[in-house]
Every structure is written in C-alpha cells, then in structure tokens.
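Read through the structure below, which is laid out as structure tokens, and then see the notes.
Chain letters run A, B, ... following the sequence lines, proteins first and then strands; every chain starts at 1.
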There are 2 protein chains.
Amino acid sequence: MTLKDIASSLGVNASTVSRALDPHKAHLVSEGTVDRVRAAAKQLGYRGDRVAGALRRGVTGTVGVIVADLANPFIAPVIHGIAQSLAPRQMLPMVIETNDNASELESSLDHLLSRRVDAVICAGARFSNRDVLEEAGRSTPVVIAVRGLSNSVLAQVLHDDRAGGAMAARHLLGLGHTRLAELRGPDDVGNFVSRHLGFREACAEEGLAVIDLPEVGERPIREAGEHLARLLIDLHGDAMPTAVFAHNDLMALGALSVFRQHGLTCPTDISIVGYNDSPTIDQVDPPLTSVIYPGIKVGRSAGEVALQLINEPAEHAPGAMFPPRLAVRKSAAPLVNDPFLGRTHAT
Amino acid sequence: MTLKDIASSLGVNASTVSRALDPHKAHLVSEGTVDRVRAAAKQLGYRGDRVAGALRRGVTGTVGVIVADLANPFIAPVIHGIAQSLAPRQMLPMVIETNDNASELESSLDHLLSRRVDAVICAGARFSNRDVLEEAGRSTPVVIAVRGLSNSVLAQVLHDDRAGGAMAARHLLGLGHTRLAELRGPDDVGNFVSRHLGFREACAEEGLAVIDLPEVGERPIREAGEHLARLLIDLHGDAMPTAVFAHNDLMALGALSVFRQHGLTCPTDISIVGYNDSPTIDQVDPPLTSVIYPGIKVGRSAGEVALQLINEPAEHAPGAMFPPRLAVRKSAAPLVNDPFLGRTHAT
DNA sequence: CTGTTAGCGCCTTCAG
DNA sequence: CTGAAGGCGCTAACAG
C-alpha cells in the first residue's frame, strides 16, 4: 500500500496524493480531491513510509541517545525527559548503551550516525570520548548531557554537580562535622569529578581537609560504596570521619551496610549524604539525606537543545545548567559525640 | 560521501564498493579491490547510510518498543534486556511511551509501523488494546511483554504473575495470617489481574476470603498505595487485616507510610508483601519482602522472540513465562498478636 | 570478478 | 490545481 496504489485507485498522480496527505501542502490541492484521497487512504489502510520519506528529505525524525547503562535506574527519568521533548514533533529517541565502556561509545556513535539521526544526545561520556564526540559534532548536532566535558565546544546540558558537592559539604559542616570523607565515583566522568571538586572546595573554604582515599569507585554502584567504606575503615579506623559524602545513593547504601556491619550506627556514629534522591531513598533506614538530581528536567532540556540545534546549527553552543537542591532527611545529623577520636577500630 | 563517491575516486562501480564493504559479500570481490575500497572508505570517512539500505532491503534493523511510562523505574531493566538481545545483530530499539493511555498506544503503534520497524514489543498493553495489537500483528511481528493479554494469538513473554500472587499469599498464610487484604493495581492490566487471581486462589485453597476493597489503584504508584491503605483503614479499621499484599513495591511503600501515620507498625501490627524487588527496597525500614520481578530476563527474552519472529513468522506464536521468586525480608512476620480484632480504629 | 540496470517509496522541482 | 520526471543512497538481479 503505497502512494502510487492510492493514486491509481483514484486515477490521479502520486504527487497529488502526497500533497493531499501532507497537512502543510493540502492547501495546494482542491478540496474535493483532498477528501477523496483521505477517504481512500483510510479505507485502504495506507500508512506513510517514514523510511522513504527520510531518505528523500534527508531528515529521519530521530535523535540518537547514548547512555552508559540502561539498567541504572538513574538514567530512566533522563530518557523520559528526552522522549517527552521530542514527542510533540513526532520524533523518537534511538537509545544505545555503551556499558560505560569508552570504546563502545565510539562504535555506538558511529552506529547512530549511520542511521542518520538528526542529532545525538550523549548522556554517557567519559573524558576520553571528547574528541570523537566533537568530531561528530562537526557534521551532526551533538548535545552532551548529564556527564559534562570540560573545555568542549559542544552544547552541554548538565546539573550543577559542583554546586551539589559543595551543598553536601556545607550541610555536613553546618552540622558541626570537621572530619569528612568522600566516597568518589569514577574520576574520568564529569559529574563525579565536579562533585568531588565542589565538596573539596567548600571544605577548604572552612580550612578543612577531606580525608583522602587512594581509590575511587570504578563504577558508581553499591559494591563500590561497600568497597570504599571498607577501605575507609581499614585506613582510618583509628580516626574515622564523622561524616561521609557518597557520590550517589547506591554507594551511600553500600557504605551504610558496611558501617552497620562494623557496629557504626548512622547517623549517631557517622553521617551520610548521598546523591540523586532515588525513588525510594526516603524510606530506607535511616531516610537518606541526598542531593536531588532533576533527571527529567535535564532530559527534557537536552531534547530541547537538540531540537534547537537541528533547526539552526549555532556557532555559540547553547546549553543549560540546573541547580541542585538538597533533600534533608535523617542520615546526616549534628555531631554529638566522636567515638573514634584516638581510638583504634577493629577491622 | 556516498558509495558513488568512493566508486568514482577509485574508477570502479558503486556495486563493487557496496559488495566490498559488506562482509557477507566481500568474497565476491578480488582481494586487491576489497583492500583498495576499504582504504578509500576509511580515508574519505565514508559511513554507510542505513536509511537508504533500509529502503532498499525492506528491513530497518529496528524494533519498536512500547512502554507505558519510562519514568517508572521498573521498566528500565526490561528495555535494557531488549537492547542487549538486539545489540549483537546491530539492531536498535525505538522506544515510545503511551503515558499508560490506551488511545495513545494506538497512535504510538501507528507511528512505529510507519517507521517500518521490523517488529514491535509491547510492554504497556491494556486489555482494550488487544484488537489493534492483533491487527498490527497480521503484518508485522508483535510480541506482548510484561503485561499479558488473555485469549490472544500474539506471542507473549511474561513473568508468571499469577504464581507470584499465589506465592505472596502462601508466604503470608504460612506465617499464620488469616485476615488478608490486597492493594490492587489497575484491573485492565494483565499482570495486576494475574497477581490478584493468584492471590485469591491461594487464599481460597485455605478456605480464606480476602478482604475486598471497592477500588483498585488507577495507576500502580505510591499515591495509589496510600489511598488504598486509607480506604482499608476507613472501611475495615474495626477488623483490620493483619497482612497486606501490595501489587508492587511503590504501593507497598505508600501503604507503609499511611499505616505508620495511623500508629500501625510493620511487621508487628501488620505484615506487608510487595512486588518487583525494586533496587533499594531491601534497605527500607523494614526491609520489604517482595516478589522478584526478573525484568532483564523478560526483556531479553522478548527481544529474542521478536528476532525469531522476524526470521520466520510462526503460525504457533512462541513465548516464554518466567517463574517468580520471593525475596523474604522483614516486612512480613509471623502473626503474634492481633490488636484489631473487635476493636474500632480511629481514622 | 565487475559493471549495468532498475528500482525501494517518497517528495520536490518544473511544467502545464 | 495537477502531472511528469528525477533522484535521495543503496542493493539485488542479471549480464558479461
């Protein structure tokens, strides 16, 4: 069932059918013909072929979306936001995963480009991907979302992780804590680096040094939180920090369970701040204080920037930066006692 | 940069270039030519146009995926599984949301079909969508996933929600509970109906009737859990059930908070079983006993069935059904006292 | 082994 | 207002 079929069934030309069926062109066709064409199309169950249309027009109505890992629940709202912003234009995201692997990102990008996506939104970049992304950006609009790239000419839609890190620090400092530690996410991923910097800086402003762990989480998951918490106890059990900033909620939960195993109660013995404000995190024990990540907004904005870039490739890349907010709950509390000062803790 | 450009730069025909670049056809071309073509392609930065290829071949290498709501974290693993199963074939999912709206599903389906997806996986069906889905299935492979359709000829890849409901019931019965209630999800969505039936039946086997609420949740979200819990207290406060089966974890958490507001402690006063075993649900207070939903497996299997159907449209629709497992935690405990028997509870 | 030819289905000139 | 022609980039069939 093609335009031609309808045309011949009506004794008109395919061009006429094409025009009659396109709302923007129907005015070029006599009303009677438009009606007859529409009736025939409906009756024959005609459905336009967007693949053929895409080839002819040179635009596909798709936006490629690169994510590190779809199984990470944190990314779902971002994709939701992207899909929302594209839907009114009848455009669809094409989502591809990289397994958080820098070289897979390259082939994913290539794959999307070979499908002639109208734009790419990369929500899973590592620093080492900058060059390929910028290279792609020269021929197709590319938006960097979620995980920022420093010194890049590309449009970036981010959450202000640096301010978020600082916010976590100031909250803990305001509660009277002076010995703080960080459980860091990967150090080649923009948002974790920013969280780290923000946290550091805010502490430095108060003249405090943050306890330094010799490792960062390779992936920002629960197991990394457990591992780093153990490391913290191993290395600093004799002078444990009274407050910990985990780079995301999963890591915070991992740390929480390890601390608990070691007889440390949160928040009495140790305060914890997480990141993302994940769906059920307000009902864990204790309810986790967490920096709110506005995933839907970031996604929606990234989609809008992509659309904008598709319409008019800008010299000066537009972008957006969303401010953090803090969900204050129970896992971070005022410093009351300091059970570890000078004491050696069994590991 | 097209095949023709490479061809003319090398003084050969576009067909030769096409063949040389296709791993399955390169053997038809002399080695020397293959090498020269590949070199030229790489040097000129050639990237095949899958849109043109799709038009010519009649297959797009895409699978349409219909979901109710991307923001529901429960669906992320399913999409992950689908993407995983398609990736080795260089195929990509095209995900579209319906906002859990039956009529939007119809236009979403139409949209996907106009993009000539090679198959459709519908993970967001309501009963009323059966006819349009089956109609679509006559021309394109359609797989029903997650939310089943009764009496349908379509391939279905599901989790055994009926057995899951029964499992929840038996667990509670085994703990000695005799007054049970359900907080139900939408009654025109397959998995919730199955959970309901399974729960009912298992209770009936023990000769027990389940307390009936005059409403079900319109959407399976936290607010519905809160609402139904309030309704339960309003209507049955004088003889509250000692155990509740919430149709998913979000509803369970909503109910939990309402019970708590009313002075009911879980599990001492009331036991709760949820569904899905959501990511952080093991660390809420109390850790939630929950039926495990194998989202990744369901997704992966749905993808595989779709691929199979693409290869050979089957008479007898293949399908799969995954068994439930129970994650036993603290939110459901043995019946010890029964504080509500005969007592009127303030609402 | 390579070239020629002929479209896939659509949309956009350009004529009438 | 409508028709005819051409081609987007690719690949399959057929020759040679």
Checklist entry - How would you label the contact of A/S15 with the nucleic acid (heavy atoms, under 4.0 Å): base, sugar-phosphate, or nothing? => result base
Next on the checklist: Any side-chain to backbone donor/acceptor pair from B/D118 onto B/T60? Under 3.5 Å, distance only.
Outcome noted: yes
Checklist entry - With sugar-phosphate meaning primed atoms plus P, OP1 and OP2, does A/V12 contact a base, only sugar-phosphate, or nothing at under 4.0 Å between heavy atoms? => result sugar-phosphate
Checklist entry - Is any side-chain N of the basic residue among A/R147 and A/D188 closer than 4.0 Å to the acidic one's carboxylate O? => result no
Checklist entry - Tell me: CZ of A/R57 to C1' of D/dG7, nearest whole Å? => result 15 Å
Checklist entry - Would you say A/T16 reaches D/dG3's phosphate, i.e. side-chain N/O to OP1/OP2 under 4.0 Å? => result yes
Checklist entry - For A/L28 and C/dC14, what is the distance between atoms CG and P respectively, to the nearest whole Å? => result 15 Å
Item to check | Among C/dT12, D/dT2, D/dA12, the one nearest A/S30 by side-chain distance | outcome: D/dT2
Checklist entry - For A/L55, which contact category applies under a 4.0 Å heavy-atom criterion: base, sugar-phosphate, or nothing? => result base
Item to check | B/R116 vs B/V29, nearer the 5' end of DNA chain C by closest nucleotide | outcome: B/V29
Checklist outcome for this item: Whole-Å distance, B/L10 CG to C/dG3 P, equals 10 Å
Checklist entry - What nucleic acid atoms does B/N13 come within less than 4.0 Å of, heavy atoms only: base, sugar-phosphate, or nothing? => result base
Checklist entry - What integer distance in Å separates A/E31:CD from D/dC1:P? => result 9 Å
Checklist entry - CZ of A/R56 versus P of D/dA5: gap in Å, rounded? => result 16 Å
Next on the checklist: Side chain of B/R19 only, heavy atoms from C-beta on: which candidate in D/dA13, D/dC10, D/dT11 is closest?
Outcome noted: D/dA13
Checklist entry - Just how far, in rounded Å, is P of D/dT2 from NE2 of A/H27? => result 13 Å
Next on the checklist: With a 4.0 Å limit, can you tell me whether B/Y46 has a side-chain N or O closer than that to the phosphate oxygens OP1/OP2 of D/dC10?
Outcome noted: yes
Checklist entry - CG/B/L105 to CG/B/N99 distance, rounded to the nearest 0.5 angstrom? => result 11.0 Å
Next on the checklist: What I want to check is whether the side chains of A/T33 and A/S30 have a donor and an acceptor closer together than 3.5 Å.
Outcome noted: yes
Only pairs under 3.5 Å count here: list side-chain donor-acceptor contacts from residues 66-81 of chain A, not counting sequence neighbours, and write none if there are none.
unit_1	atom_1	unit_2	atom_2	d
A/D69	OD1	A/A71	N	2.9
A/D69	OD2	A/R219	NH2	3.3
A/N72	OD1	A/F74	N	3.0
A/H80	ND1	B/E97	OE1	2.7
A/H80	ND1	B/E97	OE2	3.1
A/H80	NE2	A/Q84	NE2	3.4

Item to check | Minimum-distance nucleotide to B/T33 side chain [options: D/dC10, C/dT2, D/dT2] | outcome: C/dT2
